[in-house]
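Computed from a prediction, not measured in an experiment: that's the story for all the values here.
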Amino acid sequence: KFVEIVHQHIRQALPTTDTQSSIEVVDMGCGRGYLTFALHHFLRQQYQTANVQSRGIDVRPKLVDEINGIAQALGKDMEGLVFE
């Protein structure tokens, strides 16, 4: 449901004629990043010509390192996804 809600807002905000849009998402307090990963993947699939950048923010450095490693291991599908 989270992805659907965010997608609805993005659709309203994006110009309909601009195929080179930039979409930037910040997930404050992302925790393990489950929703961040899901939303980023969805947006990259839905807006293939857009520059999709997602940033997950959490205060636990070890967790941030772990999920950054997971994002990197997933390769090209998670390009543009960073956790801080």
Side-chain angles (χ1 to χ4, degrees):
K1 190 70 177 175
F2 172 76
V3 171
E4 292 173 28
I5 292 168
V6 173
H7 183 230
Q8 179 181 1
H9 290 287
I10 290 172
R11 266 197 329 248
Q12 292 171 354
L14 280 178
T16 56
T17 58
D18 185 3
T19 59
Q20 297 301 317
S21 296
S22 182
I23 301 171
E24 297 180 27
V25 176
V26 177
D27 184 0
M28 303 297 288
C30 65
R32 297 204 53 78
Y34 298 123
L35 295 175
T36 318
F37 277 102
L39 181 59
H40 184 76
H41 182 263
F42 174 82
L43 292 174
R44 283 188 46 96
Q45 295 298 312
Q46 191 72 27
Y47 300 98
Q48 294 180 9
T49 61
N51 176 25
V52 177
Q53 299 292 316
S54 302
R55 189 167 307 277
I57 308 293
D58 202 272
V59 297
R60 296 169 284 183
K62 286 184 181 180
L63 180 59
V64 168
D65 289 344
E66 179 185 339
I67 54 181
N68 265 323
I70 293 168
Q72 289 173 359
L74 290 171
K76 197 170 186 140
D77 285 344
M78 291 299 145
E79 219 171 68
L81 175 62
V82 176
F83 293 91
E84 298 178 0

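Between Ile23 and Ser54, every side-chain heavy-atom pair lies at or beyond the 4.5 Å cut-off. With contacts defined as side-chain heavy-atom distances shorter than 4.5 Å, the pair Gln53/Val25 does not qualify.
Sorted by first and then second residue, the pairs that involve residues 25-41 and meet salt bridge (charged side-chain N to carboxylate O under 4.0 Å, His left out), not counting sequence neighbours, are Arg32-Glu66. Each ring-ring contact (aromatic ring centres under 6.0 Å, His included) pair with one or both residues in residues 49-75, not counting sequence neighbours, would appear here, but there are none. Among residue pairs with one or both ends in residues 49-68, none qualify as ring-ring contact (aromatic ring centres under 6.0 Å, His included); sequence neighbours excluded.
Every residue meeting the side-chain contact (heavy atoms from CB on, under 4.5 Å) condition with Gln46, not counting sequence neighbours, appears here in chain and number order: His7, Phe42. Here Gln48 pairs with Gln45 under the side-chain contact (heavy atoms from CB on, under 4.5 Å) rule; sequence neighbours left out. With sequence neighbours excluded, the residues satisfying salt bridge (Lys or Arg N to Asp or Glu O under 4.0 Å) with Glu4 are Lys1. Applying the side-chain contact (heavy atoms from CB on, under 4.5 Å) criterion to Lys62, with sequence neighbours excluded, gives no partner residue. Taking the ring-ring contact (aromatic ring centres under 6.0 Å, His included) definition, one finds that Tyr34 meets it with nothing, sequence neighbours left out. Every residue two or more places apart in sequence or in another chain that forms a side chain to side chain donor-acceptor pair (under 3.5 Å) with Asp58 is listed here: Arg60.
Linking Ile, Leu, Val, Met, Phe, Trp and Tyr residues whenever their side-chain heavy atoms come within less than 4.5 Å leaves Leu35 and Phe37 in two separate clusters.
One distance of note links SG of Cys30 with CG of Leu39; it measures 12.0 Å at 0.5 Å rounding.
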Donor-acceptor contacts under 3.5 Å from residues 74-84 side chains, at least two apart:
from	atom 1	to	atom 2	distance (Å)
Glu84	OE2	Arg55	NH1	2.4

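Side-chain heavy-atom separations under 4.5 angstrom define the hydrophobic clusters, and the remaining members of the one that includes Met28 are Val26, Ile57.
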